[in-house]
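Here, residue 1 is the first one in the sequence, and each next residue gets the next number.
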Amino acid sequence: MSPKPTLTVDESSARQVLLLKAFEAEDSAAWTVDDRAWASRLARDAGSAGHPPEHFVVERARHASQRLRARDAGLARWLDARPALWRWVLAAVLLGLVGGVAVDRIGPAQHINLLAPPVWLLVAWNLAVYVGIALQALMPRRAAARAPAGGRGLRRWLPPLWNPGLPRGPAAQRLALDWVPLALPLNTARAALLLHLAAATLALGLAGGMYLRGLVLDYRAGWQSTFLEAPTVHQVLTRLLAPASQVTGIALPGVEELAALRITPPAVAQGPAAGWIHLFAATLGLFVIGPRLLLAALAAWRVRSLRARWSLPWQDPYFQRLLAQGRGGPAQVWVLPHASAL
């Protein structure tokens, strides 16, 4: 018994193989019996002997795609279409930076409310994302069962952007049905790359915006609360900013110093804000910018890997027939007895 096919192909070869499969599965008039015999003959002449039978399938599709592209300009465009990912990456980075800097003020009246800067909202959102990613990694089957096809939110909306358009016709519809689920992992990785970069640059833009405003405006720091007192606020800020304090070496004020920063209307904040800006920027770097850039690097590696290694549905009857031709013998089947002897 021959081993099960395990050959992986790159994205370009996958396009060619699935295109030919669509035309042959639909018995399209644009691809005749003579065309099939011609493609098979060229694949054998190209030196498929000595290679695994999957090589015959790929070579056959490569030759067939040359003839099909000459007959239909729409198919040629689909075969040649490549998502310009760098443009999307540039757009994600620019939108993130502009969105971060566009926060026109850290707080009202040019003061930083230590309990309610945008930093805390951004950090909380990213921590929730990290928890979701961790749960998905630990329980992939359960997460996949709960999520709708293609993911949620932007992760569901972005992948179809990289599905190239096809001309009309039964073969094109068949090609779309075959292509979309196989391309989904790659397109989802592309979407993850953009989202991680956008989140990282959003935090970078927010930190940069704080420093830019601090250069031209005199920001003051303070806090106000109806329910919290200075000891509680000190405890909260000490825990939240402890990592940033260790990294920057900036010591957090004591309870009495923090109590002096309390804002009692109509008074305004009077404490210096420079040290707090450094602490907030370091917090963003530790919990948002750094982790998101690491996740973006992993997503970029996954995009590169998936583009080069597509796993086609070799168990499909169509491919089984072609694999039999590639072997030069009868079709192979795998018998798995269950609850009875052969």
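Using a 4.5 Å cut-off on side-chain heavy atoms (C-beta onward), Ile263 and Trp223 make no contact. Residues Leu323 and Phe56 have side chains not in contact (no heavy-atom distance under 4.5 Å, counting atoms from C-beta outward). Contact check for Val180 versus Leu184: no side-chain heavy atoms found under the 4.5 Å cut-off.
Screening Val247, Leu240, Val123 for a side chain to side chain contact (heavy atoms under 4.5 Å, CB included) with Thr283, the sole residue that qualifies is Val123.
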Evaluate the side-chain contact (heavy atoms from CB on, under 4.5 Å) criterion for residues Met210 and Val119: first the C-alpha distance (whole Å), next the side-chain angles of each, then the deciding distance (0.1 Å), finally the verdict. CA-CA 10 Å; Met210 289 192 292; Val119 172; 4.2 Å; yes
Run the numbers on Arg77 and Asp72 for salt bridge (charged side-chain N to carboxylate O under 4.0 Å, His left out), then give the verdict. CA-CA 9 Å; Arg77 287 192 297 270; Asp72 192 323; 5.9 Å; no
Would you check, one step at a time, whether the test salt bridge (charged side-chain N to carboxylate O under 4.0 Å, His left out) holds for Arg213 with Asp218? CA-CA 8 Å; Arg213 286 187 294 270; Asp218 182 20; over 6 Å; no
Yes or no on side-chain contact (heavy atoms from CB on, under 4.5 Å) for Glu54 and Phe319, after CA distance, side-chain angles and deciding distance? CA-CA 9 Å; Glu54 304 94 303; Phe319 288 116; over 6 Å; no
Might you work through the salt bridge (charged side-chain N to carboxylate O under 4.0 Å, His left out) test for Glu59 and Arg44, ending with a clear yes or no? CA-CA 8 Å; Glu59 277 296 309; Arg44 293 192 186 93; over 6 Å; no
Evaluate Arg69 against Asp80 for salt bridge (charged side-chain N to carboxylate O under 4.0 Å, His left out), listing each step before the verdict. CA-CA 10 Å; Arg69 71 164 58 243; Asp80 296 333; 3.0 Å; yes
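With a 6.0 Å radius and a threshold of 12 heavy atoms from other residues, nucleotides or ligands, Arg304 has its CZ atom at or below the threshold. Other residues, nucleotides and ligands place no more than 12 heavy atoms under 6.0 Å from the CH2 atom of Trp88.
Judged purely by atom type and a 3.5 angstrom limit, Asp35 uses its side chain to pair as donor or acceptor with the backbone of Thr32. Put simply, the side chain of Ser13 never gets that close to the backbone of Val58: no donor and acceptor are under 3.5 Å apart. Side chain of Ser305 to main chain of Trp301: no donor-acceptor pair is present (N/O by atom type, distance under 3.5 Å, no hydrogens or angles). Looking at His234, its side chain does come within 3.5 Å of a backbone N or O of Pro253 through a donor-acceptor pair. For the pair Thr232 (side chain) and Leu228 (backbone), a donor-acceptor distance under 3.5 Å is absent. For Tyr130 (side chain) and Phe287 (main-chain N/O), a donor-acceptor pair under 3.5 Å exists by modelled atom type. Although no hydrogens or angles enter the test, the distance criterion places no donor-acceptor pair under 3.5 Å between the side chain of Ser245 and the main chain of Leu241. Of the possible donor and acceptor atoms, none in the side chain of Thr201 sits under 3.5 Å from a partner among the backbone N and O of Leu204. Remark: side-chain polar atoms of Arg262 are not paired, donor with acceptor, to backbone N or O of Ala230 under 3.5 angstrom. The closest donor-acceptor contact from the side chain of Ser40 to the backbone of Ala37 lies at 3.5 Å or more, if one exists at all.
A single hydrophobic cluster is not seen to contain both Leu212 and Val98; linkage of ILVMFWY side chains at heavy-atom distances under 4.5 Å, directly or through other members, places them apart. Following chains of ILVMFWY side-chain contacts shorter than 4.5 Å, one can reach Leu127 starting from Trp125, so the two form part of one hydrophobic cluster. Connection of Val93 to Leu193 is established within a shared hydrophobic cluster, with ILVMFWY side chains joined at heavy-atom distances below 4.5 Å, either directly or through further cluster members. One hydrophobic cluster, built from ILVMFWY side chains closer than 4.5 Å, holds both Leu175 and Trp314. The same ILVMFWY cluster, assembled from side-chain heavy atoms under 4.5 Å apart, contains both Leu202 and Tyr211.
The CD atom of Gln173 sits 8.0 Å away from the CD atom of Glu26 when rounded to the nearest 0.5 Å. A distance of 8.5 Å separates CG in Leu206 from CD1 in Ile289, rounded to the nearest 0.5 Å. Atoms CZ and CZ, on Arg307 and Arg190 in that order, are 6.0 Å from each other to the nearest 0.5 Å. Here Asn187 contributes atom CG and Leu182 contributes atom CG; the two are 11.0 Å apart, rounded to the nearest 0.5 Å. Atom CD in Gln224 sits 10.5 Å away from atom CG in Leu114 (nearest 0.5 Å). To the nearest 0.5 Å, atom CZ of residue Arg292 and atom CG of residue Leu284 are 12.5 Å apart.
Pairing each heavy atom of Val288 with each of Ala199, the nearest pair is CG1-O, 3.9 Å. Scanning all heavy atoms of the two residues, the minimum distance from Pro181 to Ala176 falls at CD-O, 4.4 Å.
A distance below 6.0 Å separates the ring centres of Trp179 and Trp78. The aromatic ring centres of Phe280 and Trp120 sit less than 6.0 Å apart.
In this model, a donor atom of one side chain and an acceptor atom of the other lie less than 3.5 Å apart for Glu24 and Trp31.
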